[in-house]
Amino acid sequence: MERYSKVEIEDSKSERRLRLRSLNNNLSSDDQEPFMGIKVRRNASRHRDYKGDYLDVHSYPFLIKLLNKQGDKHVLFADKVLKFTGSGKIKRCILMITDFAMYIVDTEVGALKRRIAIAAVEKFCLSEFSDNFFALIIPTEYDLLMASTRKTEIVTILSEAIKNTSDFELEVVFSNRFEYNAASDLVKEIQFENVEGGVKTKFLRK
C-alpha cells in the first residue's frame, strides 16, 4: 500500500465542484442495488484480491487536504459505501480507514461528516449470511451501520489496524440479529433471515 507524503494543495471551489461531480457520477443509484432487499453473494466475490484504495484517493485533492488536516497519511482502505442514518435514510458516502481513524465523507459537498478513532471501535457486528451489512459498535459515541460489498476486507483491515495501534483486538460478532445505537437516544435492531434466493433484512426500533 502506498504511503502519501504530506502535501499542501490549493484547491479552488470550481475545481472542487468538478471533482465532486465526477465522483458522484460514479455513485449512481445503481450502487444501492447490491445492498437492499434480498441479497446473495456472487461466487466471484469470494475469490478476489484486496486492493485497499478503490477510489485512488491521491487523485482527489479535497480528500488529501482532509487527511493532511488531521495528520493522517497512510490510507489503508477507501471506497464508496451506504450509511444508514438514525431516521432510516440511506446516504451514499466515502469510507476511508487510516492507521488511526475512520473517516465518513459526504460526497455531495465533499465535507467530513465524522472522524472515529479506530481505538474507539469495540465491536464489529455482521450476520452469518452472505449479505452486505455491518455495524461498528462505538461505546463512547453512537454506532455506525453501513453496507458494502467489501465488508470482509473492511473488517480484516480494521482488525489489523486496531491490533497494530492498541493493546486489544477487535471483537467480531456473527449474529442474525443485533442491536446498535442509531443515535445517542435511539436503539435499533437489524434482523437477517435466510430465504429462498438470498438473505432478507428487517429493521426494528427498540
Side-chain angles (χ1 to χ4, degrees), residues 1 3-4 35 50-55 57 63 66-107 111-192 201 203-204 206:
M1 283 173 279
R3 289 185 175 274
Y4 302 121
F35 306 110
Y50 290 168
K51 181 179 177 181
D53 182 1
Y54 293 91
L55 297 179
V57 169
L63 292 179
L66 185 156
L67 293 170
N68 286 342
K69 186 176 181 179
Q70 299 293 334
D72 266 329
K73 302 176 183 178
H74 191 188
V75 177
L76 304 175
F77 180 87
D79 195 17
K80 55 184 182 290
V81 299
L82 293 183
K83 180 174 73 71
F84 296 79
T85 68
S87 62
K89 294 181 180 179
I90 304 172
K91 296 201 68 174
R92 293 189 296 273
C93 65
I94 291 172
L95 169 66
M96 292 192 297
I97 303 174
T98 70
D99 305 68
F100 302 103
M102 298 176 57
Y103 294 80
I104 307 298
V105 181
D106 187 325
T107 61
L112 176 64
K113 302 300 292 183
R114 192 173 177 189
R115 182 183 187 272
I116 306 165
I118 59 172
V121 181
E122 180 182 85
K123 192 183 302 181
F124 193 107
C125 297
L126 61 166
S127 79
E128 299 172 344
F129 303 127
S130 298
D131 59 88
N132 302 295
F133 293 91
F134 63 93
L136 296 170
I137 308 303
I138 309 159
T140 56
E141 308 175 28
Y142 61 92
D143 302 326
L144 190 61
L145 179 68
M146 294 186 289
S148 170
T149 55
R150 298 189 172 96
K151 71 174 185 180
T152 301
E153 182 173 359
I154 292 170
V155 69
T156 301
I157 288 174
L158 190 59
S159 296
E160 287 299 316
I162 290 175
K163 188 185 300 183
N164 291 336
T165 57
S166 65
D167 297 328
F168 69 94
E169 293 189 2
L170 176 66
E171 181 182 359
V172 180
V173 177
F174 291 88
S175 176
N176 292 332
R177 60 194 305 163
F178 55 78
E179 294 183 357
Y180 66 99
N181 290 304
S184 58
D185 58 350
L186 176 62
V187 178
K188 288 189 175 183
E189 180 179 82
I190 181 170
Q191 299 178 355
F192 304 87
T201 57
F203 293 86
L204 300 175
K206 304 296 287 185

(request) Would you check if Phe77 and Ile154 make a side-chain contact, meaning some heavy-atom pair closer than 4.5 Å? (result) yes
(message) Working note: Gln191 + Thr201, criterion side-chain contact (heavy atoms from CB on, under 4.5 Å); need CA distance, chi angles, decisive distance, verdict.
(response) CA-CA 6 Å; Gln191 299 178 355; Thr201 57; over 6 Å; no
(message) So, taking the atom named CG in Leu158 and the one named CZ in Phe124, what distance separates them when rounded to the nearest 0.5 Å?
(response) 7.0 Å
(message) Once rounded to the nearest 0.5 Å, what's the spacing between atom CD1 of Ile97 and atom CD of Glu153?
(response) 8.5 Å
(request) May I have the step-by-step check of side-chain contact (heavy atoms from CB on, under 4.5 Å) for Arg115 and Asp72, ending in yes or no? (result) CA-CA 11 Å; Arg115 182 183 187 272; Asp72 266 329; 3.5 Å; yes
(message) I'd like to know if the side chain of Thr98 reaches the main chain of Ala101, judged simply by a donor and an acceptor atom lying under 3.5 Å from each other, with no hydrogens or angles considered.
(response) yes
(request) Can you spot which of Asp79, Asn132, Thr156 makes a side chain to side chain donor-acceptor pair (under 3.5 Å) with Arg150? (result) Asp79
(request) Mind checking the CG-OG spacing from Leu126 to Ser175? Nearest 0.5 Å is all I need. (result) 9.5 Å
(request) Measure the CD1-CD1 distance between Ile162 and Ile157 for me, rounded to the nearest 0.5 Å. (result) 12.0 Å
(request) Can you tell me which residue pairs pass the salt bridge (Lys or Arg N to Asp or Glu O under 4.0 Å) test with a partner in residues 164-177, sequence neighbours excluded? (result) Arg177-Glu189
(request) Output the distance between atom CZ (Phe134) and atom OG (Ser127), rounded to the nearest 0.5 Å. (result) 12.5 Å
(request) List the atom of Ile190, the atom of Phe192, and the distance in Å for their closest heavy-atom pair. (result) CD1-CZ, 3.6 Å
(message) Pair Tyr103, Ile116 - check side-chain contact (heavy atoms from CB on, under 4.5 Å), show working.
(response) CA-CA 7 Å; Tyr103 294 80; Ile116 306 165; over 6 Å; no
(request) For Ala120 and Pro139, work out which heavy atoms get closest and say how close. (result) O-CD, 3.6 Å
(request) Could you pull out the closest heavy-atom pair between Ala119 and Phe168, with the gap in Å? (result) O-CZ, 3.4 Å
(request) Taking the side chain as every heavy atom from C-beta outward, state whether Lys113 and Val105 have any atom pair closer than 4.5 Å. (result) no
(message) With a 4.0 Å cut-off on N to O distance, would you call Asp99 and Lys73 a salt bridge?
(response) no
(message) Consider side-chain contact (heavy atoms from CB on, under 4.5 Å). Of Leu145, Leu144, Leu170, Val155, which one does Leu136 pass it with?
(response) Leu144
(request) Measure the shortest side-chain to side-chain distance between Ser148 and Leu95 over non-hydrogen atoms and say whether it is less than 4.5 angstrom. (result) no
(message) Are Asn176 and Phe129 packed together at the side-chain level, in the sense that at least one heavy-atom pair is separated by less than 4.5 angstrom?
(response) yes
(request) Using the six-membered ring wherever Trp is involved, compare the ring planes of Phe133 and Phe203 and label them parallel, tilted or perpendicular (cut-offs 30° and 60°). (result) perpendicular
(message) Check Asp143 with Lys188, please: is the shortest side-chain N to carboxylate O separation under 4.0 Å?
(response) no
(request) Determine, step by step, whether Ile90 and Lys83 satisfy the side-chain contact (heavy atoms from CB on, under 4.5 Å) criterion, reporting the C-alpha distance in whole Å, the side-chain angles of both residues, the deciding distance to 0.1 Å, and the verdict. (result) CA-CA 6 Å; Ile90 304 172; Lys83 180 174 73 71; over 6 Å; no
(request) Looking only at non-hydrogen atoms, find the nearest pair between Asp53 and Val57 and report the distance. (result) OD2-N, 2.9 Å
(request) Under the side chain to side chain contact (heavy atoms under 4.5 Å, CB included) rule, collect the residues that match up with Ala183, sequence neighbours excluded. (result) Asp185, Leu186
(message) For a 4.5 angstrom cut-off between non-hydrogen side-chain atoms, does Ile137 reach Val121?
(response) no
(message) Any heavy-atom pair between the side chains of Glu179 and Lys206 that's under 4.5 Å?
(response) yes
(request) For Leu112 and Ile104, work out which heavy atoms get closest and say how close. (result) CD1-O, 3.6 Å
(message) Thr85: which residues meet the side-chain hydrogen bond (donor to acceptor under 3.5 Å, both in side chains) condition with it, sequence neighbours left out?
(response) Ser87
(request) With the side chain counted from C-beta on, respond yes when Val172 and Ser159 share a heavy-atom pair under 4.5 Å apart, and no when they do not. (result) yes
(request) Flag the pair Arg114 and Glu141 as a salt bridge only when some basic side-chain nitrogen lies within less than 4.0 angstrom of an acidic carboxylate oxygen. (result) yes
(request) Specify the closest pair of heavy atoms between Leu63 and Met96, including all atoms of both residues, with the distance to one decimal. (result) CD2-CE, 4.1 Å
